[in-house]
J.: 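For reference, the structure I am asking about is given below.
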Number of protein chains: 2
Amino acid sequence: MPVTDKRARLVESAKGLFHEQGVLATTLADVAARAAVPLGNVYYYFKTKDELVCAVIESRSDEVRELLGRLDQKRTPQTRLKGLAEQWGDASEDVARYGCPIGSLSSELDKSHDTAWSRADSPLAILVDWSEAQLRQMGRRDARDLAFSVVSRIQGASLLAQDFGDPEILVREARLFERWVDGLA
Amino acid sequence: MPVTDKRARLVESAKGLFHEQGVLATTLADVAARAAVPLGNVYYYFKTKDELVCAVIESRSDEVRELLGRLDQKRTPQTRLKGLAEQWGDASEDVARYGCPIGSLSSELDKSHDTAWSRADSPLAILVDWSEAQLRQMGRRDARDLAFSVVSRIQGASLLAQDFGDPEILVREARLFERWVDGLA
DNA sequence: GTCTATAAGATGATAGAC
DNA sequence: GTCTATCATCTTATAGAC
């Protein structure tokens with residue numbers, strides 16, 4: 001399974017289309033077309049559509065880890081947590097149009113019990129674990145519960161922003177979130 | 001378009017299957033089978049699959065209005081809001097398995113821009129409006145923003161409970177939510 | 001109103017030439 | 001490694017008998 005340019009292009013294409021249209025609504029012909037790869041050639045890189053889905057999940061997880069790595073540069077756990085919410089606020093236009101790239105992906109895939117994608121390394125789980133670490137550094141005993149709360153609010157706000165088609169919902173919730181973090185001390 | 005027993009059975013069947021498998025993953029053959037109605041007969045009641053989807057959305061909206069009507073019996077806006085979160089806590093097993101029936105439905109349909117279902121009467125919008133009314137009765141100037149926060153938290157927790165396959169996440173978030181409502185006063 | 005049979009089109013996947 | 005052509009299947013939707 002060589003890592004060629006075409007393979008990367010296919011994953012990138014699928015990532016975008018899965019976000020915009022959903023996984024089930026996206027055909028391999030769509031993916032191939034956007035990547036400028038002939039349909040039949042897709043099967044050289046991915047034996048099945050499920051395999052392509054797995055590759056997309058992995059890629060999303062990598063993105064999340066990269067983002068968290070950048071946030072880790074910030075000095076305090078409080079600013080790091082606020083930086084997380086800020087990220088969704090910055091992407092609010094995109095999220096309002098198509099939903100959160102990782103939330104909507106997880107939501108759709110969790111329905112099909114194809115155990116191909118294990119829950120262990122879900123992108124959402126990475127976010128929760130990281131948030132828990134920040135809250136623990138802040139001395140919170142209930143770090144785990146609060147971590148779920150953190151990701152909950154971001155994901156819920158993303159869903160509403162999408163449903164109402166209004167990016168401002170996400171921006172306002174990010175602001176409320178910042179105040180909440182300040183209140184934790 | 002007569003309202004027969006069969007029509008009701010088809011809507012009920014679709015409602016369940018859309019929740020368990022998603023809208024796109026559910027075929028009209030599935031819906032017909034669960035409703036014990038021959039496939040061809042489905043088209044007497046619904047000209048297209050989209051029409052059936054609209055009927056399901058309407059039915060979900062009715063369910064929400066019914067729930068909120070029951071909660072309106074409670075004495076204070078605080079207990080009414082807590083009653084809302086309690087509802088999701090009670091259904092946590094189901095939500096952890098298949099996601100929130102209205103959240104996952106909205107999330108999936110918001111991707112397909114088929115304007116067949118107007119955003120005006122989305123079940124989520126009904127929840128937000130009602131929450132806003134409660135918060136306004138509590139004297140909050142920022143009632144609208146907080147209302148989005150209320151529904152956000154419930155929806156976000158539902159998504160995480162589904163992704164982690166753990167109903168307790170929803171129960172714990174409901175508990176945190178109750179404390180938050182008490183702190184608003 | 002009800003149901004069977006089937007048309008029409010799309011989609012995942014494969015065979016095999018180059 | 002790459003691509004064309006195509007198969008097999010599934011799914012929405014319709015035609016038309018009862």
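Chain naming here is simple, since letters A, B, ... match the order of the sequence lines and numbering starts at 1 in each.
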J.: To the closest 0.5 Å, what do you measure between CG (A/Asp72) and CH2 (A/Trp130)?
T.: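 Going from CG on A/Asp72 over to CH2 on A/Trp130, the span is 6.5 Å.
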J.: Mind checking the CD-CG spacing from B/Glu63 to B/Leu68? Nearest 0.5 Å is all I need.
T.: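 Here the rounded value is 11.5 Å.
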J.: For the pair A/Tyr98 and B/His113, name the ring-plane relationship: parallel under 30°, tilted 30 to 60°, perpendicular over 60°.
T.: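 Geometry flag for B/His113 against A/Tyr98: parallel rings.
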J.: Is A/Val31 reachable from A/Leu24 through a run of I, L, V, M, F, W or Y residues, each pair having side-chain heavy atoms under 4.5 Å apart?
T.: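 They do not share one cluster, since no chain of ILVMFWY contacts under 4.5 Å joins A/Leu24 to A/Val31.
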J.: State plainly whether the residues B/Asp62 and B/Arg65 are in salt-bridge range, i.e. N to O under 4.0 Å.
T.: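 Result for this pair is yes, salt bridge flagged.
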J.: Taking atom types as modelled, find out whether B/Asp121 and B/Ser61 have a side-chain donor-acceptor pair closer than 3.5 angstrom.
T.: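 Side-chain D/A pair, B/Asp121 to B/Ser61: absent.
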J.: Kindly calculate the angle separating the two end axes of the helix from C/dG1-D/dC18 to C/dC18-D/dG1, each obtained from five base pairs, and round it to 10 degrees.
T.: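 Overall, the helix from C/dG1-D/dC18 to C/dC18-D/dG1 bends by 10° from one end axis to the other.
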J.: Atom CD in B/Glu93, atom CG in B/Asp166: separation rounded to 0.5 Å?
T.: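 Result: 9.5 Å between the selected atoms.
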J.: Kindly list each side-chain donor-acceptor pair under 3.5 angstrom involving residues 176-185 of chain A, sequence neighbours excluded, with atom names and distances?
T.:
from	atom 1	to	atom 2	distance (Å)
A/Asp182	OD1	A/Lys82	NZ	2.7

J.: For nucleotides 3-18 of chain D, read 5' to 3', which letter fits each nucleotide if B means a protein heavy atom sits under 4.0 Å from the base, S means only the sugar-phosphate is that close, and - means neither?
T.: BB------SSBB----
J.: Using whole Å, what does the distance between atom P of nucleotide C/dT14 and atom CZ of A/Phe46 come to?
T.: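 Interatomic distance, CZ of A/Phe46 to P of C/dT14: 15 Å.
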J.: Please check the phosphate of C/dG1 (OP1 and OP2 only) for any side-chain N or O of B/Tyr45 closer than 4.0 Å.
T.: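 For C/dG1, OP1/OP2 do not have a side-chain N/O of B/Tyr45 under 4.0 Å.
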